[in-house]
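The analysis underlying the following values was restricted to heavy atoms, covering all of them including side chains, and did not include hydrogens, waters or symmetry mates. Numbers here are sequence positions counted from 1.
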Amino acid sequence: KGAGRGSAMDPETASLLEQKIAFAAVLFNFPYPADAAQDERDGAAIVAKRQCLVELINFVTEYKGTLTLHRAKQFVEMIGLNLIRALPPSRTGINFDPNEDAAPNDPAFVHVGLAYELLLRLLQSSKLLPAKVAKSAGINANFARGLMRCFDAEDPRERGYTKHVS
C-alpha cells in the first residue's frame, strides 16, 4: 500500500503501521511468571506480538515505496529493542558438552527470530531502505556492535541469524 518517494502513504495505513511498530517494540519476560492469570494474559499478548511481527515482515516484503527517514527510524529502533538486549543467563552448567548436549533454545526466539527476519528484509531492499537512509535511521557502527554481542547467545538459531545479518 502506498507509493514511493513522490507520494505519501495514506494516513490510515501510516497510522496502523505506526501502531504495529509500537506494539512490536514491547518486550516480554521469558519464561512466564508463575502467576497463572499473568501467564494467560502474557501468552495472548506474546501470540499477538508474533502475529504483528509477521504482518510487519509481510509489509516490508510487499511495500513498493521507499521508507521515510521517520518510518525507517521507527523500524530500526523497534528491531534494536528486540535484538540488542541483555542475553538470558546461561542455562548450561559445567557438565554441558556442546558435542553431546543440545544447545538451549531461548523462549524469546519466537519474537527475536522474526525481528532478525524483519531486519534482513529491510537490509535486502535498497529501494525500501536506501543505505543513506539506513545509516541516518540508526543502522550504524553502534547498531552493529550491539548485534555482535548476540554472537554470545546460547541459542544456535540466534547465532545463525547474527552471522547471516553481519
Side-chain angles (χ1 to χ4, degrees), residues 1-30 32 38-88 105-150 153 155 157-166:
K1 294 181 180 182
R5 226 179 267 263
S7 61
M9 185 183 297
D10 70 79
E12 186 177 324
T13 301
S15 175
L16 184 59
L17 183 60
E18 194 158 318
Q19 290 171 28
K20 287 181 184 292
I21 292 170
F23 182 62
V26 174
L27 302 178
F28 293 91
N29 290 322
F30 291 90
Y32 307 130
Q38 185 66 38
D39 277 356
E40 193 172 309
R41 283 190 304 274
D42 282 353
I46 286 168
V47 170
K49 178 177 176 177
R50 182 185 184 291
Q51 181 59 39
C52 181
L53 284 163
V54 168
E55 290 170 9
L56 288 170
I57 290 168
N58 290 338
F59 171 81
V60 299
T61 302
E62 296 167 8
Y63 187 64
K64 302 299 181 214
T66 301
L67 292 177
T68 63
L69 178 58
H70 172 74
R71 190 75 63 221
K73 281 182 179 180
Q74 290 177 318
F75 269 107
V76 171
E77 288 172 10
M78 178 271 295
I79 290 168
L81 283 170
N82 279 278
L83 300 183
I84 302 169
R85 69 211 189 283
L87 295 173
N105 288 330
D106 182 356
F109 195 77
V110 67
H111 296 156
V112 170
L114 292 169
Y116 272 111
E117 189 62 37
L118 185 55
L119 177 60
L120 280 170
R121 301 280 174 100
L122 284 170
L123 294 175
Q124 289 172 343
S125 174
S126 60
K127 178 173 177 18
L128 178 69
L129 187 65
K132 190 174 182 178
V133 174
K135 187 173 182 181
S136 297
I139 298 181
N140 53 30
N142 287 335
F143 189 87
R145 276 192 292 278
L147 277 181
M148 292 301 113
R149 288 194 307 268
C150 296
D155 191 320
R157 300 169 299 176
E158 181 160 8
R159 289 192 312 270
Y161 262 114
T162 304
K163 187 186 316 181
H164 193 66
V165 167
S166 56

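Side chain of Ser125 to main chain of Leu122: no donor-acceptor pair is present (N/O by atom type, distance under 3.5 Å, no hydrogens or angles). Not one N or O on the side chain of Lys20 forms a donor-acceptor pair closer than 3.5 Å with the backbone of Leu56. Looking at Asn82, its side chain does come within 3.5 Å of a backbone N or O of Met78 through a donor-acceptor pair. Under a 3.5 Å cut-off, the side chain of Arg149 and the backbone N or O of Ile84 do not form any donor-acceptor pair.
Interatomic distance, Ile21 CD1 to Leu16 CG, rounded to the nearest 0.5 Å: 10.0 Å. Rounded to the nearest 0.5 Å, atoms OH (Tyr116) and CG (Leu53) are 13.5 Å apart. Considering CD of Glu55 and CG of Leu17, their distance stands at 11.0 Å, rounded to 0.5 Å. Note that CG of Leu67 is 4.0 Å distant from CG of Leu128, once rounded to the nearest 0.5 Å. We find the OH-CG distance between Tyr161 and Leu120 to be 6.5 Å, quoted to the nearest 0.5 Å. Distance CE/Met9 to OH/Tyr63: 4.0 Å, rounded to 0.5 Å.
Leu123 is listed as a side-chain neighbour of Val165, based on a closest heavy-atom distance under 4.5 Å.
The two residues Leu119 and Ile139 come nearest to each other via the heavy atoms CD1-CD1, 4.1 Å. For the residue pair Leu83 and Ala115, the shortest heavy atom distance occurs at CD2-CB, 3.7 Å. Pairing each heavy atom of Met148 with each of Ser166, the nearest pair is CE-CB, 3.3 Å. The nearest pair of heavy atoms linking Arg159 to Cys150 is CG-O, 4.1 Å. Closest approach of Asp155 and Asp106 over heavy atoms only: OD2-N, 2.8 Å. Residues Val76 and Gly138 approach most closely at CG1-C, 3.9 Å, considering heavy atoms.
The existence of a salt bridge linking Glu77 and Lys73 is excluded, since no basic side-chain nitrogen approaches an acidic carboxylate oxygen closer than 4.0 Å.
Side-chain contact check for Gln74 and Arg71: at least one donor-acceptor pair (N or O, by modelled atom type) lies under 3.5 Å.
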Evaluate the criterion side chain to side chain donor-acceptor pair (under 3.5 Å) for residue pair Glu158 and Thr162; output intermediate values, then yes/no.
-> CA-CA 6 Å; Glu158 181 160 8; Thr162 304; 4.9 Å; no

Begin from the C-alpha positions of Leu27 and Lys49 and carry the test side chain to side chain contact (heavy atoms under 4.5 Å, CB included) through to its verdict.
-> CA-CA 9 Å; Leu27 302 178; Lys49 178 177 176 177; 4.0 Å; yes

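Just one residue in the list Glu12, Gln19, Glu18 forms a side chain to side chain donor-acceptor pair (under 3.5 Å) with Ser15, and that residue is Gln19.
Few gaps surround CZ on Arg157; more than 12 heavy atoms of other groups in view lie less than 6.0 Å from it.
Aromatic ring orientation, Phe28 versus His111: tilted (interplanar angle from 30° to 60°).
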